[in-house]
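Reviewing the structure listed below.
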Amino acid sequence: PAPSASPGARTLSVVCERTPLYVFVSGTDRPIRAHTPDVHLGERFGLVSGPRTTLEGFQYYETDVAVVEPGYARNAHYWIVRDCAIASK
């Protein structure tokens, strides 16, 4: 079941002019750029988890946007780099 938004739900606000979304391939710690349009300054998403830190030290937040690309788990979500998003309640 998809998580439902609640009044106390946390959100992500995009703070870069534009930034790509990423997907984490199962079994790896390296995100790859998603085949979706970039997101833009001011867009908001629900925050599912994060930040998740890669081996290289980059951090990503998991959004509530479901991955639509083939080959990923049914419950997979897109991720956004922490440098371009601010989490808030």
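Computed from heavy atoms alone, side chains included, the values below leave out hydrogens, waters and symmetry copies.
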Task: Side chain Asp64, main chain Val48, donor-acceptor under 3.5 Å - done: no
Task: Residues which pass salt bridge (Lys or Arg N to Asp or Glu O under 4.0 Å) with Asp38, listed by chain and number, not counting sequence neighbours - done: Arg18, Arg33
Open item on the list: Between Phe24 and Val81, is there shared hydrophobic-cluster membership here, with clusters defined by ILVMFWY side-chain heavy atoms closer than 4.5 Å?
Closed with: yes
TODO: Provide the closest heavy-atom pair for Glu62 versus Trp79 in the form atom of the first, atom of the second, distance.
DONE: N-CE3, 3.3 Å
TODO: Rounded to the nearest 0.5 Å, what's the gap from SG on Cys16 to CG on Asp83? Could you check?
DONE: 7.0 Å
Task: Gap separating the SG atom of Cys84 from the NE2 atom of His40, nearest 0.5 angstrom - done: 11.5 Å
Task: Under 3.5 Å: donor-acceptor pair, side chain of Thr53, backbone of Gly57 - done: no
Task: Under 3.5 Å: donor-acceptor pair, side chain of Glu69, backbone of Ala34 - done: no
Task: Residue list, side-chain contact (heavy atoms from CB on, under 4.5 Å) with Arg30, at least two apart or on another chain - done: Glu56
- [ ] Look up atom OG in Ser49 and atom CZ in Arg10, then write down how far apart they are to the nearest 0.5 Å.
- [x] 10.0 Å
TODO: Share the residues that join Val39 in a hydrophobic cluster, the rule being Ile, Leu, Val, Met, Phe, Trp or Tyr side chains under 4.5 Å apart at the heavy-atom level.
DONE: Leu12, Val14, Leu21, Val23, Val25, Ile32, Phe45, Leu47, Tyr61, Val65, Val67, Val68, Tyr72, Tyr78, Ile80
Task: Minimum side-chain heavy-atom gap Lys89-Thr11 below 4.5 Å - done: no
Open item on the list: Minimum heavy-atom separation for Pro51 and Gln59, please, with both atom names.
Closed with: CB-CB, 3.9 Å
